[in-house]
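Computed from a predicted model, the values in this text were never measured in an experiment.
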Amino acid sequence: PILSGTQIADIAGGSHHAVMAILAAVIKRTNTGEGQHLDISMSDAAFALNTMFGANALASNKDPECGTEMLNGGLFYDYYKTADERYLSIGSLEPIFAVNLMKHLHLEHLLPILTDQREAKQKQIKLEIAKKIAEKSLKAWQVEFEKLDVCVEPVLTINEAAESAHFIERNMLCEAEDNAGNLIKQINTALPFKSSSKHKSGVSLGHNTQEILKSISYPDDKINKLKTEGCVFF
C-alpha cells in the first residue's frame, strides 16, 4: 500500500458526502415536506468509495490485492519515468486509446495481449512501454501527446499545473487578501459559479476574541484574567 497524497476520507468522504446529503435532504424536503437526520461518517463514506472493486470482492468473497487490479498497478495503467527523471501517467485502457497509444509508440505487436491480465503478460507490456518512455524527456513527450487523444498526461507539480493553459482558462487560480492587504495566490473553487471578487484569507488567531467575549457579557476583568492565564488568544 502507498499513501494517496490527499486525505481521501476527510475530503472525498466526509466533506463531499456531507454536502451531497444536505442537498439531497433539502430537495426531498422541498418535494415532500419531510426532513432528514443526517449522520455522516468519514469511515462509511471512504468505504463506499470502493464501489467497483468492493462490489466484486463481496460477491466473490475474494479481496483485491495490492498491485494486481486494473486500476492499482495490475495492468499497464501506471506511471512511467521519462529520460529526465519525470513521469507520464498512462491510462489508455479503452480500446480506442490503447490502439492509438501502441501505434504511436510503435508497439503494435503488444495489441493482441493488452487485455491479457496474467501477471507475466502485463509485466512484459509495462516493461516495453517503460523502455519507450525512458527514451525522451517529459517536455518532448508532452509535445507529442498533446496532439493525440490517448489518455496520457504529464505528472506535474502543483506550481506547474497552476501555470498550465487549462487551469488559467478555467479560472482555477484566485487571490486571497490578508488583513495587511497582501495578496496570496490560492486554488479557486472547482464549482462553476466563480466570483471575480477577491477572497479573504482569514484573520490571525484571536482577532475577534475580545469582541466575542464581550458579546456574551464577559466583563473586562474576567476577559483580562483569561488572557493573563493563557486561556484565550488575543
Side-chain angles (χ1 to χ4, degrees), residues 1-13 15-16 49-53 64 66-111 113-117 119 121-176 184-192 194 199:
I2 59 172
L3 294 174
S4 64
T6 189
Q7 301 103 317
I8 293 175
D10 290 28
I11 300 170
S15 327
H16 285 195
L49 292 174
N50 291 289
T51 306
M52 184 159 53
F53 292 114
C66 297
T68 63
E69 303 299 321
M70 183 185 300
L71 301 180
N72 75 354
L75 298 187
F76 65 93
Y77 183 106
D78 212 332
Y79 300 104
Y80 295 86
K81 189 181 291 187
T82 61
D84 54 346
E85 302 287 310
R86 297 294 300 274
Y87 286 88
L88 279 178
S89 64
I90 293 182
S92 316
L93 291 181
E94 289 82 355
I96 186 170
F97 301 137
V99 170
N100 289 338
L101 172 69
M102 294 305 169
K103 284 183 178 178
H104 186 75
L105 296 179
H106 304 293
L107 295 175
E108 294 96 326
H109 63 279
L110 295 177
L111 288 173
I113 63 170
L114 278 186
T115 57
D116 189 331
Q117 296 192 27
E119 184 178 358
K121 295 296 184 182
Q122 289 300 316
K123 280 187 174 179
Q124 177 190 347
I125 295 168
K126 292 173 79 166
L127 181 61
E128 293 203 41
I129 294 175
K131 286 180 179 178
K132 284 286 185 179
I133 300 304
E135 292 175 359
K136 300 179 184 179
S137 68
L138 180 68
K139 184 63 179 176
W141 284 123
Q142 280 183 267
V143 172
E144 289 191 32
F145 284 117
E146 190 174 15
K147 306 168 189 173
L148 305 172
D149 187 15
V150 291
C151 287
V152 174
E153 294 294 339
V155 178
L156 302 177
T157 67
I158 296 291
N159 283 288
E160 285 174 338
E163 293 170 359
S164 69
H166 174 83
F167 288 129
I168 291 173
E169 290 172 11
R170 295 286 298 169
N171 194 27
M172 279 303 299
L173 302 176
C174 66
E175 291 181 326
I184 306 164
K185 286 200 296 186
Q186 295 285 286
I187 298 174
N188 209 350
T189 172
L191 301 178
K194 295 182 175 73
H199 298 269

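Under 4.0 Å is where a charged nitrogen must lie from a carboxylate oxygen, and between Lys131 and Glu135 no such pair does.
Side-chain polar atoms of His104 and Glu144 form a donor-acceptor pair below 3.5 angstrom.
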Report all side-chain donor-acceptor pairs from residues 163-174 shorter than 3.5 Å, counting only partners two or more places apart or in another chain.
residue	atom	partner	partner atom	Å
Ser164	OG	Ala161	O	2.7

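Sparse packing is recorded around NZ of Lys121, with 12 or fewer heavy atoms of other residues, nucleotides or ligands lying under 6.0 Å away. The number of heavy atoms from other shown groups lying within 6.0 Å of CG (Leu127) is above 12. More than 12 heavy atoms of other shown residues, nucleotides or ligands fall within 6.0 angstrom of atom CZ in Phe53. Within 6.0 Å of atom CD in Glu146, 12 or fewer heavy atoms from other residues, nucleotides or ligands are found, so the atom counts as exposed in its surroundings.
For the side chain to side chain contact (heavy atoms under 4.5 Å, CB included) test with Leu75, the passing option among Leu93, Thr115, Leu114, Asp116 is Leu93; the others fail.
Residues meeting the ring-ring contact (aromatic ring centres under 6.0 Å, His included) test with Tyr77, sequence neighbours left out: none. Every residue meeting the side chain to side chain donor-acceptor pair (under 3.5 Å) condition with Thr82, not counting sequence neighbours, appears here in chain and number order: Asp84.
Proximity of a side-chain donor or acceptor of Arg86 to a complementary backbone N or O of Val155 within less than 3.5 Å is detected. For Ser89 (side chain) and Glu153 (main-chain N/O), a donor-acceptor pair under 3.5 Å exists by modelled atom type.
In terms of heavy-atom proximity, Phe76 sits nearest to Ser92 at CZ-O, 3.3 Å.
One distance of note links CD of Gln122 with CE of Met70; it measures 9.5 Å at 0.5 Å rounding. A distance of 8.5 Å separates CD1 of Ile90 from CG of Asp78, quoted to the nearest 0.5 Å.
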> Would Glu128 and Lys132 count as a salt bridge (charged side-chain N to carboxylate O under 4.0 Å, His left out) if you check the C-alpha gap in whole Å, the side-chain angles of each, and the deciding distance to 0.1 Å?
Replying inline: CA-CA 6 Å; Glu128 293 203 41; Lys132 284 286 185 179; over 6 Å; no
